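After the structure tokens below, expect a handful of questions from me.
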Protein chains: 2
Amino acid sequence: MTNNDGTSAGDEVATAREEVVEAMATTAEMYGMKRSVGRLYGILYFADGPLSLDELVERSDYAKSTVSTAMTTLERYYFVQRRSLPGEGKRAFFEAERDWWSVMRRVLETEGQREVVTMTRALESAERQLGETNSEQATDSLERVRELQAYYRQIEQFVDLLTGLSSEELAAMAEMIETETELPSDDR
Amino acid sequence: MTNNDGTSAGDEVATAREEVVEAMATTAEMYGMKRSVGRLYGILYFADGPLSLDELVERSDYAKSTVSTAMTTLERYYFVQRRSLPGEGKRAFFEAERDWWSVMRRVLETEGQREVVTMTRALESAERQLGETNSEQATDSLERVRELQAYYRQIEQFVDLLTGLSSEELAAMAEMIETETELPSDDR
DNA sequence: TTGTATATTCGGCATATACCGAATATTCAG
DNA sequence: CTGAATATTCGGTATATGCCGAATATACAA
């Protein structure tokens with residue numbers, strides 16, 4: 001019974017997937033998300049098609065409420081798409097976005113901008129206040145505020161660049177990068 | 001008493017700084033770090049020179065233990081540098097790294113690679129296992145595993161590119177990016 | 001509209017985290 | 001080596017988080 005038909009050797013496939021799913025959970029954790037969110041994404045990533053909440057509960061052993069909220073956050077970050085199939089009543093189905101470049105791009109657009117906005121607003125306000133004050137301290141602080149403003153302007157340029165490219169363009173760009181394999185210095 | 005000497009108008013400067021410091025705390029939170037870490041970095045960012053633990057305690061109102069651990073994590077992520085001034089005994093001083101490009105580069109090198117390694121390892125292992133199995137499931141999973149591997153190869157290219165450039169080069173690159181201001185389509 | 005299948009929200013429990021202050025460890029001067 | 005100054009670690013407490021199951025809300029079918 002050495003496989004070739006879907007049913008046998010299911011264990012092998014399952015353990016292989018499990019390894020990746022766990023890595024996704026760990027990665028999710030690195031980004032401050034819950035492990036459950038990572039695992040559930042992983043399950044969807046390998047699923048044959050869209051899964052319902054109950055199927056996800058079945059395959060993950062998480063409570064339905066946990067799965068539900070996980071789907072909300074995954075949706076928020078563009079990792080899954082929610083779909084309602086016709087004739088299926090209220091039942092919702094979830095499908096993994098497998099193009100991570102597209103996820104990254106959209107996360108950059110929304111979340112990335114949150115940081116930029118938070119900092120930029122504070123920096124502008126501080127710049128205004130400090131501009132009206134004439135102590136040495138104020139001048140020094142102002143300079144440091146301006147340094148950060150410059151940095152964020154540059155960051156925004158990069159974000160604009162990245163969010164302006166399609167996944168294919170990003171992938172192509174990556175392929176174009178030549179990784180100079182640490183040559184011995186070329187000083188004759 | 002409308003300022004011009006360091007002591008007066010200290011309030012103005014303090015509130016301006018405070019706004020930025022709070023924004024840093026919020027940003028730290030976004031990255032899954034503690035607010036205290038963000039605030040303490042902010043204090044160092046605006047400080048005239050290196051500060052000791054006790055000075056940081058003084059200026060932040062956090063307990064010394066809190067400041068100590070915060071300094072450890074800030075150091076870990078290259079946001080501050082610890083220095084021991086000669087003749088100052090055991091006393092340590094902390095100075096903010098103000099070049100955020102350099103911070104970003106070093107964080108990418110260390111932390112960024114953690115994600116890449118975690119995923120890459122799992123993907124390779126899964127690839128091996130799935131390669132030895134011949135079910136339809138295995139073939140499908142294998143394909144999806146390979147997609148992720150391709151993505152991570154590309155990510156590594158970008159990381160290599162970014163970590164290979166100096167802050168000046170990165171800044172210059174940013175300035176070079178033309179932010180096409182959404183032109184009306186150029187189809188004649 | 002009502003009933004039914006489904007999704008979301010809420011309260012609670014267990015665990016994890018942030019911070020503090022006290023206890024311990026470390027460094028340097030002498 | 002000892003002592004004084006400093007840093008780090010540890011245990012405790014209050015708060016936050018992750019997850020569950022029950023209660024509630026919602027959407028669709030008839």
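Order of the sequence lines fixes the chain letters, A, B, ..., with proteins taken first and strands second; residue numbering starts at 1 for each chain. Computed from a prediction, not measured in an experiment: that's the story for all the values here.
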**Prompt:** C:dA18 P sits how many Å from B:Asp61 CG, rounded?
**Reply:** 20 Å
**Message:** Is A:Lys34 close enough to D:dG18 that one of its side-chain N or O atoms is under 4.0 Å from OP1 or OP2 there?
**Reply:** yes
**Prompt:** If you draw the axis of the six-membered ring of B:Tyr45, does the NZ or CZ of B:Arg98 fall within 45° of it and under 6.0 Å from the ring centre?
**Reply:** yes
**Asked** Would you say D:dA7 has OP1 or OP2 under 4.0 Å from some side-chain N or O of B:Lys64?
**Response** yes
**Message:** Between B:Glu22 and B:Arg35, does any side-chain N to carboxylate O distance fall below 4.0 Å?
**Reply:** yes
**Asked** Should B:Ser68 be listed as having a side-chain N or O under 4.0 Å from OP1 or OP2 of D:dA7?
**Response** no
**Asked** Are any of B:Arg82's side-chain N or O atoms less than 4.0 Å away from OP1 or OP2 of D:dT8?
**Response** yes
**Request:** Round to the nearest Å and state the distance from B:Glu88 atom CD to D:dT6 atom P.
**Result:** 8 Å
**Message:** By nearest heavy atom, map B:Asp54 and A:Thr66 onto DNA chain D; which one lands nearer the 5' end?
**Reply:** B:Asp54
**Message:** Can you see if the side chain of B:Ser36 gets near the phosphate of C:dC19 - specifically, an N or O under 4.0 Å from OP1 or OP2?
**Reply:** yes
**Message:** Rounded to whole Å, please give me the gap between CG in A:Leu85 and P in C:dT6.
**Reply:** 13 Å
**Asked** Rounding to a whole Å, what distance do you find between A:Leu53:CG and C:dT9:C1'?
**Response** 14 Å
**Request:** Look at B:Glu97 together with B:Arg106 and state whether they make a salt bridge at an N to O cut-off of under 4.0 Å.
**Result:** yes
**Message:** Just the rounded figure in Å: distance from C1' of C:dT17 to CZ of B:Arg35.
**Reply:** 15 Å
**Item:** B:Arg91 side chain near D:dA4 phosphate (N/O to OP1/OP2, under 4.0 Å)
**Value:** no
**Message:** Rounding to an integer number of Å, can you tell me how far A:Leu56 CG sits from D:dC20 P?
**Reply:** 13 Å
**Message:** Side-chain N or O of B:Ser65 versus OP1/OP2 of D:dT8: is the shortest distance under 4.0 Å?
**Reply:** no
**Request:** Return yes if a side-chain donor-acceptor contact under 3.5 Å exists between B:Ser52 and B:Glu55, otherwise no.
**Result:** yes
